[in-house]
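Data first, discussion second: the structure below is written as structure tokens.
Values below: all heavy atoms of this structure, side chains included; hydrogens, waters and symmetry mates excluded.
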Amino acid sequence: MDPSSSVTGSALPRLLAPSFPSRPLTPVLRALRLCLHALLGGLIALAAVKAVADDAPHATAVVLAALTTAVVYAVGALSPAVDRSPRAAAGWLAALGLAWLILLALSPDGLWAAFPLYFLQLHLLPVRWGLTAVAATAAAAVAGFVLHGQTVTPGTFIGPLLGAAVAVATVLGHQALYRESERRRELIDELLATREDLAAAERTAGTLAERERLAREIHDTLAQGLSSIQLLLRAAERVLPAGDPAAAHVRQARETAQDNLAEARRFVRALTPPGLEHDSLAAALERLCAATPGCAVRFGVSGTPVRLPTPYEVALLRVAQSALANTVRHAAATRAEITLSFMETSVALDVVDDGAGFDPSAPRPGSGGGFGLPAMRARARTLGGTLSVESAPGRGTAVAITLPLPPEGPA
């Protein structure tokens, strides 16, 4: 039941939004519904007052028929069952139509109430039955006017039929506009949800990028420095004379450096991207493709996979994340493909999309989020590799990073 019906006490919210009864009525629609109540009540009252004022032969019967019609209408309008049950709505319309036919049989002025009845029938009945009821009501209005011996003019037939046509066009047009409005609202909700998902993915990517940066800084500065200190102290131990009092201090310093080096390496392992902590690079890339919102991404592996050092895997994963982020955020692509290729002396990662594309030679403003082509190129250069970009406006984008495989041996 429409939430507004419990406030206004009316069981006719579907008169204004039949296809979406759960949506609350706007002030404009609520005012139109009240106008419908007032219109039907006023036309019924007009028939009764006119019969009394003209001293019609059946004035008392006309007044009673008008009151009966008004009571039947009020009972249905205030009944929650009419809103909940199509069968109850059809029964109410049948009772209301019968009361109106009695009024029409007693007074030709009853035909004016046919116009609001059109709206009730079109809104409360399925389209096929609603159109049938409108046609029957219009025919009854014309027949009632003729049977009362009134002067027959073209307006006798045009009036009810034109009113029926206006009601049908108004109701069906309103329903079509309402459905379109609901579809647009659902699309906006979906876009907002997608934007929130993308923002969350970007925040996560930023957090992971910062973790990787810290791991790289610890590895390249503290860990390497402690390793060098350990080697220098080991060399100092070898050249010190036996029994030299400084030997114990040198050994203690070397052991302390060794312990701190192990701690620094533990920090580096703890800051390794979660996607690579327990799974292979291919598995991490496959999960990345499945979790990319708003774009269908396919993943494939070419060649014989080999175990890569952690810096290689991190670099390839980050390039894939950055390229997909640009694909979703800037390229408006619908499809993308990631290919991880293992060759004899190198490993390559290709990210291809069907998005808007761009001119790689044109200057581009920075994204401000730490991602982008400069960051990808820096990762490739750090490991002695290259990054190439092929794109053109309207022809998609292809990003390829190639890294030379390290010589076999301890990483």
Side-chain angles (χ1 to χ4, degrees), residues 1 5 8-16 18 30 32-126 129-150 156 159-161 163-164 166-168 171:
M1 182 175 175
S5 62
T8 61
S10 171
L12 299 177
R14 71 175 69 194
L15 293 182
L16 298 170
R30 189 176 293 109
L32 290 175
R33 187 181 62 188
L34 293 176
C35 289
L36 180 63
H37 296 334
L39 177 62
L40 184 58
L43 292 174
I44 293 173
L46 177 62
V49 170
K50 197 167 183 299
V52 173
D54 294 344
D55 196 17
H58 306 290
T60 303
V62 171
V63 172
L64 291 176
L67 288 175
T68 301
T69 305
V71 169
V72 172
Y73 179 79
V75 169
L78 296 174
S79 173
V82 172
D83 182 57
R84 291 195 300 263
S85 171
R87 180 174 298 180
W92 173 58
L93 284 176
L96 182 62
L98 179 61
W100 173 72
L101 288 175
I102 295 174
L103 176 61
L104 183 62
L106 295 172
S107 171
D109 297 317
L111 71 89
W112 301 114
F115 187 70
L117 287 178
Y118 296 152
F119 287 94
L120 291 174
Q121 293 161 348
L122 289 169
H123 280 289
L124 292 180
L125 296 175
W129 295 108
L131 294 175
T132 302
V134 167
T137 301
V142 174
F145 192 84
V146 173
L147 292 177
H148 278 285
Q150 302 295 319
T156 303
L161 296 178
V166 170
V168 169
V171 171

Shortest non-hydrogen pair, Y73 vs W92, comes out as O-CZ2, 3.5 Å
T137 meets the side chain to side chain donor-acceptor pair (under 3.5 Å) criterion, sequence neighbours left out, with Q121
In short, A140 meets L104 closest at the heavy-atom pair O-CD2, 3.2 Å
For residues 138-147, the salt bridge (charged side-chain N to carboxylate O under 4.0 Å, His left out) pairs (sequence neighbours left out) are none
dist L34:CG -> L39:CG (nearest 0.5 Å) comes out at 12.5 Å
Identify each donor-acceptor pair in which a side-chain atom of residues 41-49 lies under 3.5 Å from a protein atom, sequence neighbours left out, and give them as a table.
none

Show which side-chain atoms of residues 62-72 pair as donor or acceptor with protein atoms under 3.5 Å away, not counting sequence neighbours.
from, atom 1, to, atom 2, distance (Å)
T68, OG1, L64, O, 2.8
T69, OG1, A65, O, 2.9
T69, OG1, A99, O, 3.3

So the side chain to side chain donor-acceptor pair (under 3.5 Å) pairs with at least one residue in residues 94-105 (sequence neighbours excluded) are none
Rounded to the nearest 0.5 angstrom, the CZ-CG distance for F115 and L117 is 11.0 Å
Applied to residues 39-50, the salt bridge (charged side-chain N to carboxylate O under 4.0 Å, His left out) test, sequence neighbours excluded, yields K50-D54, K50-D109
